[in-house]
Amino acid sequence: LSTATNKENLIEDAVTSVMDRDVMAYFDETLKKSWRGREHWKIRNFKNRLGANTGDEAGKKDTDTTEQEKEAVKAKKAAKNKLTIDFFNFDHTVEERIFEKKKASIEMSQKSRTTPGHYLLPNDYHFSTQKITRLFLKPSQQMSFFSHRKPPSSHQSVSGTL
Amino acid sequence: MSENVSIDSDNSDSTNSKIFRAIADVFQNAQSTYAGHRRHIAVLKRIQSKATETGYEEVFNYWFNKMVTLILPLKRTEIVGDRIVRLVAGLVASLDHEVESLKEKQEDFDGKEKIFSRFVNQFIRHILRGVESREKNVRYRVAQLLAVIMDNIGEIDEDLYKLIMWSFEKRLFDKEAPVRVQAIFCLTKFQDEDNTSETIDEASTKLIHAIQNDPSAEVRRAAMLNLVSLDKTRNIIMERARDVNTVNRRIVYTRVLKNMGASVFQELDGDLIGKLITWGLEDREESVRNACVRLVAFEWLNLMDGDIIRLLSKLNVTSNNVCEKVLDAIFNYREDTVAKIKLPVNVWDSLTAEISFLIKAFHTHCTQNKLEDILDGNFPEASRLSEILQKYLDLRFSNNNLSNTDVSCLEFIIEQLLSVAFKYDYSDEVGRRAMLMIIRNALANYSLTAPIVRIALQVLKVLSINERDFIAMTVEIITDIRDEDIEKQEAEEANQDSRFKQDEDEDDEAAVQSFHSAVDDLVNNKNTTAPSAAPAVQEKEVSPHTLLGCLTMSQFMLELINLPIDENVMISSLIDTLITPAVRNTQSEVRELGVRNLGLCSLLDVNIATESLYLFGMCVSKGDASLKTIALKVIADIFSVHGTKVVDGEGKVDSISLHKIFYKTLKNCELPECQATVAEGLCKLFLGDVFVDDDLFETLVLSYFSPANSQNEALVQAFAFCLPVYCFSHIRHQKRMVRVAGDVLLRLSVLWDELQTNDDSSISPDSMLKPNVIFQELIEWTDSGKVVNQTEEHFEDEEDTQLHFLLGVLRIYYKFERKEVKKMILTNINRFSFQDRSIRKWKEVRDILEDISENDDIDSASRSSIAKFLRSLEEDILSGDADVDTTKDGTSDMGERLSASSSEERMSEDEKPEVTLAVSNEENSNVPIAGIDKPSGSSDALSSVLLPPEPDRMLPGDVSRLRSKKRKRADISGSESNSDQEKSSRLVSFVLPEPQRGPSSDSSFGNPVDDSSFEDENDN
DNA sequence: ATCATCTAGCTACACATC
DNA sequence: GATGTGTAGCTAGATGAT
């Protein structure tokens, strides 16, 4: 390899590494909550949607909404506080209903009473872009995947150490 | 009893009525605020007292019960209810307190005590009437009342205890979580707090069950916070640091551990503390991490009066690798403390494990944050550091009378000093040379532990002039060690009289012998030059211990270098004299190191890689789990570094054989670590575009969803991370996912269907994700809007977009036979994005959906989902658009792709929409498809998935997933159907673990060039 | 100055409703 | 079982008490 090519590669690698860093950070961030995969990705999706919807609006509406909210909260609290029980006049038959038992089961299903997993998280293997861009044998050596794209044939993915 | 008391509301003067109104008045006032409760309680006590004196005790009880009953139906969030409950609690507490103090004074005790007892007794029995009420609020309030009574009462009589126990045993399994929480609170009081016996009391046993098995996080929390802390229960409480619920995890740090104060260090063993802190600091949730940081860097450090050394010694710094993180936390959050760190000059003369560790961490921290002043002020010149290092090396190796703890402590100190040396400032040449001397000496002359060798070599590299210099020095050291060992052996042999090591020598004999023959083989095979050492020495070989040492050192060296080997003769000689013989060694530890070393060399040189690939393949094929794992890592790394040029060529390993090894390893559930390694490795290679094979990729996706692998956390997590990264990192990647997604969905849906109906299977039905979840995940992965770094390529190429996936699924809609699955598909179509502008395809989608809506028997949810989808489709895509097909749109039917032998092959152009419609109509009539599509209905296809794929049974049912167009194609070109079948059987065998079927199992690959090329060698 | 207490605002989870 | 609302348990900043 000529020195010129080396130089070019160096520059390219520098640019690449910056792009890679951003992309890697993006993936680490977006995937950190769904590390258990499966089932659990749903929550993230749900959150993403919420974030996307609220992103556009800001500014004036802010004060309006807070005022409205405050009013609403106050009204609700007031409504709640209003509820009082009349301990002098009450329906004497209510006691019957209160203590009435149910025909249907009021208990958990037998199946849900014991759980083998004990509601513990599994081991977290902490997969990250850092981890998967490292060589197995030389963990200090990073590969660059994300922006350093050449046709597969001329592939030389290892670039630099780190 | 109460029923006898009548209420005569007309006679307002009656005592009865007076009592009623007095009590009601208290309740009326007490419900609105907590203020005045003390007074209200005093009033109640007075009423009770007077009523009792005048023979109206039961009247009082009657009305009191009545009042409380009124709040039982109030829902949990109703503050009025809570106030009355508090009132009752206050009354009970006050009465109890009164009785207790009377008891002490010995006056009028009996009477009061009995009255109180009667009151409590009847009251509890009264409200327990509601313990199984149909109203959940009533059950909740009853449990709540019981809990607060238990909180405020000293003791209860045996009968009542039994009654409550009996009632609340059942409430622990109440349908409503809040009721269970209150039940926990109630039982809390029945625990034996100073239980020293072997057995655990009844109440605690129930709490333990709840803490581990209750589905509600809040119930587990209540149990965790209330279970008594005993030797037997402590681990059960602490394991909640890994509870699925974030709050529970956090509370372990903010309450449980915090409240233990300094006693954590006595009551919990070091390992557990280490785990707890590691979990906390590495938790995915920031709030948990923060809680843990606060605990360690504030609570615990403050308990030690800010003395980091004391904290480190409490944490057993030498055996606990959490300490690094702990100090990181302290350095980052306790700048006040960090500022106080001053290293006196004489500290270096009396290092302890803790001090040396702090020095290392402090140095790292200062270096990372470029705190030059602090570095200058606290750390000596390099030459002085080298003297210090030498001093501790001398202490360790010039003294034969060291205890084990002394040895490990000194080694720990040396390791820390070397870590400091690694990042040290060597601008002073004298210092550099001094350090270099010491490191070389140490590596050559002392028997260092592996971690020390590793860090010492890192220092050596920093000190060396360049990489070549570093390699030369290291190889020289390795050679010297070998030679010296051999000389020593010869010397020992010369001394024939000393026979006390006879046994060991005999043991070594065999190994030495086989090692010899292996080296001979190698020399003969490869024609390499003999080691430069004198030929006479070859008769003797190094002892296993020394050999391991050399290999370890060689490994650590190779991990640090990047120069191509052809510029490094010394490494070539290392390969010949050390590494290759080690690979052939019979001792597994040596062989593994040898393979690892050879792998590292392969990364430096493409020729070595190419030549060695066969050997690595053999190791995967024939080795035990740990050798397999190493070899898999090597192979993955080789591909990562050199790409595919190491395979498929003159004298090179066949890539098909390697792929087979990957398939085989991936499906072998007996060796989960290997599965996980190969999964991660393949993901890396796909990410690096080294591998671009659709079939192999599909296998990866299937492995991710396979119920057989659902317990393999490492594998699942690798895929859970890598697959989305792959799909979103490049549009080409995503298109690959698009191409396999339809088939993946179909296969997994069929499998799920089978698992639901066949419950005799060893795999439980819920170990597999439901198809709708799989579908949703696939939709997400194929959403082009989520791809990063989007370029124009995006818009130029309309092939293999998410729409293609949708269309593919809809075209095979009737393959999803179970109604449930159909519904899952239809109710999720609205998750697809409308980014694609291929009008023609959208129209086909519309036509199929309209057909399904009209003709298939689907429920209202599905129907409305279709309607909604069609509406959006009209609005977003088809509105105002004429019949112009804006795309080039070379049809790429999923099924056709599957029947194609190459994944990259593009599809034929002869596809017509009406074919699909005809298919749909055919299916509408619910007539099973005749002919080769479905020879014996669905069950055959299903059984082919669950049964071991027999070599001679080509899974006819599986062909059925090719619909009419595929049928056409299969008829035309029969040769291709064969490859499809072959692929089918291969892929299917991945989905479930393969029953042990002996060596013939490989034949299921059905490929002419099977991987028997990796089977022979070792068997001779 | 240091420590409680209060307040608003946040998020994940739980509940209710259809 | 998807949806919107409600709640628990923080978290941080302000305020007041000692």
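The chains referred to below are lettered A, B, ... by the order of the sequence lines, with proteins before strands, and numbering in each begins at 1. Values below: every heavy atom of this structure, side chains too, minus hydrogens, waters and symmetry copies.
- Judged purely by distance below 3.5 Å, without hydrogens or angles, the side chains of B:Asp82 and B:Gln144 pair a donor atom with an acceptor atom.
- To the nearest angstrom, P of D:dA8 lies 12 Å from CD of B:Gln182.
- Taking the centre and axis of the six-membered ring of A:Tyr119, the NZ or CZ atom of B:Arg220 falls inside the cone set by 45° and 6.0 Å.
- At whole-Å resolution of the value, CZ in B:Arg249 and P in C:dT11 are 17 Å apart.
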Could you list all N or O pairs between the protein and nucleotides 9-14 of chain D that sit under 3.5 Å apart?
{"from": "D:dG9", "atom 1": "OP1", "to": "B:Arg221", "atom 2": "NH1", "distance (Å)": "3.0"}
{"from": "D:dC10", "atom 1": "OP2", "to": "B:Arg255", "atom 2": "NH2", "distance (Å)": "2.6"}
{"from": "D:dT11", "atom 1": "OP2", "to": "B:Arg294", "atom 2": "NH1", "distance (Å)": "3.4"}
{"from": "D:dA12", "atom 1": "OP2", "to": "B:Arg294", "atom 2": "NH2", "distance (Å)": "3.3"}

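- Using cut-offs of 30° and 60° on the angle between ring planes, the pair B:Trp781 and B:Tyr704 is tilted.
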Using a cut-off of under 3.5 Å, enumerate the N/O to N/O pairs linking the protein to nucleotides 1-4 of chain C.
none

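- Donor-acceptor pairing under 3.5 Å is lacking for the side chains of B:Asn772 and B:Thr827.
- The CG atom of B:Asp283 sits 18 Å away from the P atom of C:dT11 (whole-angstrom rounding).
- Side chains of B:Arg139 and B:Ser133: no donor on one and acceptor on the other come within 3.5 Å.
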Each nucleotide N or O in nucleotides 16-18 of chain D that has a protein N or O under 3.5 Å away: list the pair and distance.
none

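- Rounded to whole Å, atom P of D:dT7 lies 8 Å from atom CZ of B:Arg76.
- With no hydrogens or angles considered, a side-chain donor-acceptor pair links B:Asn828 and B:Gln776 at under 3.5 Å.
- Judged purely by distance below 3.5 Å, without hydrogens or angles, the side chains of B:Gln212 and B:Glu239 pair a donor atom with an acceptor atom.
- Phosphate proximity of D:dG6 to B:Lys75: absent, as no side-chain N or O sits under 4.0 Å from OP1 or OP2.
- Across all strands, B:Lys823 comes closer than 4.0 Å to no nucleic acid atom at all (heavy-atom distances).
- Every ring-ring contact (aromatic ring centres under 6.0 Å, His included) that B:Phe775 has, sequence neighbours left out, goes to B:Phe805, B:Phe832.
- Counting only N and O atoms by type, the side chains of B:Ser862 and B:Asp859 include a donor and acceptor under 3.5 Å apart.
- No engagement by B:Pro215 is indicated, since no non-hydrogen atom pair under 4.0 Å with the nucleic acid exists.
- When distances run from any side-chain atom of B:Asn245 to the nucleotides C:dC13, C:dA12, C:dA14, the shortest one goes to C:dC13.
- With no hydrogens or angles considered, a side-chain donor-acceptor pair links B:Asn248 and B:Arg221 at under 3.5 Å.
- Rounded to an integer number of Å, the gap from CD1 of B:Ile829 to C1' of D:dA2 is 16 Å.
- In this model, a donor atom of one side chain and an acceptor atom of the other lie less than 3.5 Å apart for B:Asn302 and B:Arg334.
- For B:Tyr34 and B:His40, the distance between ring centers is not under 6.0 angstrom.
- Rounded to whole Å, the distance from NZ on B:Lys136 to C1' on C:dA14 is 10 Å.
- Atoms CG (B:Asn772) and P (D:dA2) sit 7 Å apart, rounded to a whole Å.
- The rotation axes computed at either terminus of the helix from C:dA1-D:dT18 to C:dC18-D:dG1 lie 30° apart, taking five pairs at each end and rounding to 10 degrees.
- When the P atom of C:dA14 is taken as reference, atom CG of B:Asp214 falls 10 Å away, rounded to whole Å.
- Residues forming a ring-ring contact (aromatic ring centres under 6.0 Å, His included) with B:Phe816 (at least two apart in sequence, or on another chain): none.
- No contact: B:Ala861 has no heavy atom under 4.0 Å from any strand.
- Cation-pi geometry between B:Arg294 and B:Tyr253 is not met at under 6.0 angstrom from the ring centre and within 45 degrees of the axis.
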